[in-house]
Amino acid sequence: MADGPVAEALLRRLEAGDGGLDSAELAAELGVEHQAVVGAVKSLQALGEIIEAELRSTKHWELTSEGQEIDREGSHEARVFHSVPPEGLPQSELMRLPSGKVGFSKAMSNKWIRVDKSAADGPRVFRAVDSVEDEVQRRLQLVRSGQAEKLGEKERSELKKRKLLTEVGSWRDRPFKSYNFSARGVLPDSGHLHPLLKVRTQFRQIFLEMGFTEMPTDNFIESSFWNFDALFQPQQHPARDQHDTFFLKDPAEALQLPMDYVHRVKRIHSHGGYGSQGYKYNWKLEEARKNLLRTHTTAASARALYRLAQKKPFTPAKYFSIDRVFRNETLDATHLAEFHQIEGVVADHGLTLGHLMGVLREFFTKLGITQLRFKPAYNPYTEPSMEVFSYHQGLKKWVEVGNSGVFRPEMLLPMGLPEKVSVIAWGLSLERPTMIKYNINNIRELVGHKVNLQMVYNSPLCRLDVEQGSPQTQETR
Amino acid sequence: MPTVSVKRDLLFQALGRTYTDEEFDELCFEFGLELDEITSEKEIISKEQGNEKAEGASDVILYKIDVPANRYDLLCLEGLVRGLQVFKERIKAPVYKRVMPNGEIQKLIVTEETAKIRPYAVAAVLRNIKFTKDRYDSFIELQEKLHQNICRKRALVAIGTHDLDTLSGPFTYTAKRPSDIKFKPLNKTKEYTACELMNIYKTDNHLKHYLHIIENKPLYPIIYDSNGVVLSMPPIINGNHSKITVNTRNVFIECTGTDFTKAKIVLDIIVTMFSEYCENQFTVEAAEVVFPNGKSHTFPELTYRKEMVRAELINKKVGIRETPENIAKLLTRMFLKSEVIGDGNQIEIEIPPTRADVIHACDIVEDAAIAYGYNNIQMALPKTYTIANQCSQEDIADKLGLDISATNAVHISNPKTAEFQVARTTLLPGILKTIAANRKMPLPLKLFEISDIVVKDSSRDVGARNYRHLCAVYYNKNPGFEIIHGLLDRIMQLLDVPPGEKKRGYMIKTSEGPAFFPGRCAEVFARGQSIGKLGVLHPDVITKFELNMPCSALEINIEPFL
């Protein structure tokens, strides 16, 4: 330990004397740098309750050049006093002296001199007292001799105000121990947003930039009707099984359904219509009334499109939503019973599959995903349907990044939308891009109460269009 | 999405060429399939049960292919090959024909007892079929795939296939009391009553999943031949007597169910797929089903339906510009034989019995797009002009004066775990659990969550609604009420809600609540209504969440400020 001998000497002296030691004096006595003594004190302090130290600061004062002149020749007012002979002096002559202007007013306010304005050759200055004590000069002399501390705070600041004295930046020329720039700084107090919130904000931003309006999604509880039937998803569809969907015990059934529309939906399922064969089965209202935890936000899209269909004449619309959905999944490292779904919908006359792909290209480009490929797929409520794949540089393969399609006429026409209106839509989960973005392998570390708060504290800002730093730089925090 | 597992070499042999894995993957992608996994029986067993068990298992390479859930015609090797060969224009789609037998037609008589349990039945015969081991395995596997998918685990439809030469028609489909049913079931050596069978199969890993379909019914469905031999007790098990083998030449197929449409589709799929191996390829011998009302129907239906679609519609929906002739070609490649008729813009499309998924013109549009190649379609941006709005301005008038503290929880009927029986009505427990799971983190912990909670509300169509809540917890060595209180003040400052009792302002008043320490709880009022509580949590609450420091919390409904 470099401080060893100094620390030892320090301890010995402390033991011998009482009343403590001055580090600066000790440094002088030992003939070492002051910083070495400070270092020794710090390392002894770090060991625990061995020594006590308090910080004392000393200030150093110096005379300004004007102050030095006064120290030599006396204050301006004293010089004025001494230049006035007993018979007096014309004021105009006095003013011409070097200290005249400053000294005159000070000497006046000190009542050392007086002015006779009635004298024949103009105002004349006379001594008002026999002798004066040049207090200013005396104080400056004290400072010069290094006894500035003998002056009161008020007196010093008065001299400072008159620019006769300056406080010397005593550390300006002192040597310091060099900083360890490879050490970490102290983190400021701050809040931390959960990564899902950060990624969500980015997605919302992208939709808003693209002119999409946010749909209300504030109903986790949905009827089977809006969640499935309205989407032309038949009542025997496996997704409507207890194994896939959480149904409700209380409130078990929806209280109201738009019955006119319900009848049109019933007809399309059981008998077909609007150019469709239908599914040809016995559609049951009881099944449609069953309440559930919504399995997708497409239920909210169906409600939004139904509202849109009631507005005449038809106005084109672009909608989006990002909210929670619930599935009775087998839980594992990448699946939870609830997750967030991101969904975008465009309704307009004459939309094509090419339009869907064009919108998807813009959307994914904003996410920083440019290499896209589309695969035919099957969804009960879209036809044509396409899965969106992107080339993953890290994995060196095509991975699915979303699902999309054109809503079936069997879904749109019973709502009352005009026949020529097409509705294109796509969806993806919020958790998956977040896990990829923040290198999280276990979804339980991201979502739910087992969330790793350290990960939340450390996670960087989310910029979806910028490639994430390597996992290494994240873990070293 | 169903996964079909086929032997690679057998597949290539049937396709008449070989592919690299990448090439085959590419072909699948284009056609809407997914080559999910390349494996072998040995690999599967060793993965599931360890290397030792895999000893001696076959290491023939298997392709596991994901098939879209509506394409029942691709659920077996035969269908996959036919679909791909037609897609690649290597063969023409076969025409499936129903023929009358030379002798007497096989009859299945349905009695009225079946009405209450499983009223529908259809049947057909595959005559002079030639199985091999692989074909036979595929035949059994297809039935299993159909059972798992379109048949909804046999609830809607159940399939029975029998060696016709061991039976003598006409057959009777009826329903009887379980104690009155006795037969030797498939792969058993003695007879059991239906009651006994239901008991035996409770421990059968495969069959136990189907028992519930008839278990509690007074009568069980059963099919006999004219000599009283049991063909099957649908949807559970076939009789052993009529069991088919690799050597079976004539197969009697019956499908029973609760959904007539699906029973007909299932029968059509089985016979179209396997009539390939009949002496007269792609012909199926008809069978007659006599329903209780005396009417008889002949099956399989094998209906070919004609649809007319204008070429312009397909071009418009896909966003391409192809001639009607080209579009007809594209559709023909998708097993939809098409030709241009009329004014030259009209396309007549023939929907074969294998394509029950085609129910609307939009299904035809999709097939044209797939054949054209999704990735060849020119991308375009819609000219849809819209102005974006964020969703936060809801009409809040009706929310005023609502008592949000009412814990009218919504209950799940099929919860996955004990922790997930109700939709949450408060955010506080979630945060406390989060703290408990993060006790290693340095103090203080200051956590917040803004999320929706759910309560019952009979004014909503579904009888429940969400409320947006804000919850914050301060967890440290001291309770820190002033910190949580300060947070409330800051939130209100940001929401421009001034302190004070005035109509627009907020205030807190002494209150109590089971979660809070007595005397350390206050209710928050804002804009004239109670919006929540804040205070120091009760030690009992803290202990229950396995925490050991005092903590203070705030939970308010923020809907009035949205």
Side-chain angles (χ1 to χ4, degrees), chain A residues 208 211-216 218-223 236 238 242 246-252 254-257 275-278 280-281 291 293 316-318 328 337 346 348 350-355 357-359 361-362 373-378 383-384 386 408-410 449-451 453-454, chain B residues 29 31-32 68-71 152 156 259 261 316-320 359-363 365-366 369-370 374-375 377-382 384-391 394 410-416 420 423 430 433-434 437-438 441 445 452 454 456 458 460-466 468:
Chain A
L208 291 169
F212 283 68
T213 284
E214 193 167 12
M215 287 183 268
D218 58 342
N219 55 317
F220 294 164
I221 309 304
E222 191 52 277
S223 58
Q236 318 83 350
Q242 296 269 335
F246 291 113
F247 288 93
L248 294 196
K249 190 160 68 187
D250 182 24
L255 305 168
Q256 308 142 29
L257 293 174
S276 173
Q277 300 287 311
K280 297 180 181 145
Y281 70 99
N291 273 338
L293 286 177
K318 292 196 277 202
N328 200 350
V346 185
D348 202 351
L351 294 176
T352 69
L353 211 48
H355 286 136
M357 292 162 67
V359 173
R361 182 184 56 191
E362 294 306 311
R373 208 156 75 123
F374 302 90
K375 174 180 162 295
Y378 169 69
E383 187 84 10
M386 37 176 55
R408 293 190 72 101
E410 291 101 323
H449 63 267
K450 287 181 182 148
V451 62
L453 282 181
Q454 193 63 52
Chain B
F29 194 96
F31 192 56
N70 61 341
R71 291 297 298 270
R152 290 300 309 284
L156 301 181
D259 186 315
T261 311
K316 266 195 182 163
K317 292 282 178 192
V318 182
I320 52 176
I359 58 174
H360 189 277
C362 67
D363 298 301
V365 170
E366 179 180 78
I370 293 172
Y374 275 6
N375 295 293
I377 299 169
Q378 188 71 40
M379 296 188 204
L381 275 185
T384 311
Y385 180 79
T386 52
I387 290 167
N389 286 309
Q390 304 190 42
C391 185
E394 273 192 88
V410 158
H411 288 257
I412 316 287
S413 71
N414 51 336
K416 183 124 242 166
F420 199 38
K433 280 188 202 168
T434 306
N438 282 279
M441 299 297 292
L445 283 173
D452 282 5
V454 181
K456 290 208 293 179
S458 56
R460 291 300 177 101
D461 62 349
V462 294
R465 61 157 301 170
N466 287 17
R468 181 63 50 92

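Naming: A, B, ... by sequence-line order, numbering from 1 per chain. Values below: every heavy atom of this structure, side chains too, minus hydrogens, waters and symmetry copies.
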**Message:** Quick check on Ile412(B) against chain A: is it the side chain, the backbone, both or neither that has a heavy atom closer than 4.5 Å?
**Reply:** both
**Fill in**
Most heavy-atom pairs under 4.5 Å with chain B, out of Glu383(A), Arg361(A), Gln242(A), belong to Glu383(A)
**Request:** Taking Asn466(B) for its side chain and Phe220(A) for its backbone only, find out whether a donor-acceptor pair lies under 3.5 Å.
**Result:** yes
**Item:** Residue pair Pro316(A) / Thr384(B), side-chain heavy-atom distance below 4.5 Å
**Value:** yes
**Message:** Using 0.5 Å steps for rounding, measure from the CG atom of Leu351(A) to the NZ atom of Lys316(B).
**Reply:** 12.5 Å
**Request:** Determine whether Leu445(B) and Leu453(A) make a side-chain contact, defined as any pair of heavy atoms from C-beta on separated by less than 4.5 Å.
**Result:** yes
**Asked** Is the closest side-chain heavy-atom distance between Pro384(A) and Tyr374(B) below 4.5 Å?
**Response** yes
**Item:** Engaged part of Asn414(B) at the chain A interface, taking heavy atoms whose separation is under 4.5 Å
**Value:** both
**Request:** Ignoring hydrogens and angles, tell me if any N or O in the side chain of Asn291(A) forms a donor-acceptor pair with the backbone of Val462(B) under 3.5 Å.
**Result:** yes
**Request:** Against chain B, work out which of Ser223(A), Ala337(A), Gly275(A) has the most heavy-atom pairs shorter than 4.5 Å and name it.
**Result:** Gly275(A)
**Message:** At a 4.5 Å cut-off on heavy atoms, which part of Val318(B) comes close to chain A: side chain, backbone, both, or neither?
**Reply:** both
**Message:** Test side-chain contact (heavy atoms from CB on, under 4.5 Å) on Met441(B) and Gln454(A); report intermediate values, then the result.
**Reply:** CA-CA 7 Å; Met441(B) 299 297 292; Gln454(A) 193 63 52; 3.0 Å; yes
**Message:** When you compare the side chain of Ile377(B) with that of Phe374(A), does any pair of heavy atoms fall below 4.5 Å?
**Reply:** no
**Request:** Tell me, out of Pro382(B), Ala69(B), Ala369(B), who's got the most heavy-atom pairs with chain A below 4.5 Å.
**Result:** Pro382(B)
**Fill in**
Interatomic distance, NZ@Lys318(A) vs OH@Tyr385(B), rounded to 0.5 Å, equals 9.5 Å
**Prompt:** Any idea which of Gln236(A), Met215(A), Glu222(A) has the most non-hydrogen atom pairs under 4.5 angstrom with chain B?
**Reply:** Gln236(A)
**Asked** Would you say the side-chain atoms of Thr386(B) pair up with the backbone N or O of Gly211(A), donor to acceptor, closer than 3.5 Å?
**Response** yes
**Item:** Arg373(A) NZ/CZ over Phe29(B) ring centroid, <6.0 Å and within 45° of normal
**Value:** yes
**Item:** Heavy-atom side-chain proximity of Pro376(A) to Ile370(B) below 4.5 angstrom
**Value:** yes
**Prompt:** After noting the C-alpha distance and the side-chain angles of Glu214(A) and Asn389(B), does the key distance pass the side-chain contact (heavy atoms from CB on, under 4.5 Å) rule?
**Reply:** CA-CA 6 Å; Glu214(A) 193 167 12; Asn389(B) 286 309; over 6 Å; no
**Request:** Please round to the nearest 0.5 Å and tell me the distance separating atom CG of Asp363(B) and atom CD of Glu410(A).
**Result:** 7.0 Å
**Message:** Nearest 0.5 angstrom please: Ile221(A) CD1 to Arg465(B) CZ, how far?
**Reply:** 12.5 Å
**Message:** Quick one, Asp452(B) and Asp218(A) - any side-chain contact, counting heavy atoms below 4.5 Å?
**Reply:** yes
**Prompt:** Passes side-chain contact (heavy atoms from CB on, under 4.5 Å), Ser458(B) versus Leu255(A)? Steps please.
**Reply:** CA-CA 8 Å; Ser458(B) 56; Leu255(A) 305 168; 4.1 Å; yes
**Request:** Please state whether the side chain, the backbone, both or neither of Asn438(B) comes within less than 4.5 Å of a heavy atom of chain A.
**Result:** side chain
**Item:** Pairwise side-chain contact, Lys317(B) with Thr352(A), heavy-atom cut-off 4.5 Å (strictly under)
**Value:** no
**Asked** Are Asp250(A) and Lys456(B) ion-paired here, with the side-chain N under 4.0 Å from a carboxylate O?
**Response** yes
**Prompt:** Is there a side-chain contact between Arg152(B) and Pro238(A) (heavy atoms, below 4.5 Å)?
**Reply:** yes
**Complete:** To the nearest 0.5 Å, atom CG of Asn219(A) lies from atom CZ of Arg460(B) at 7.5 Å
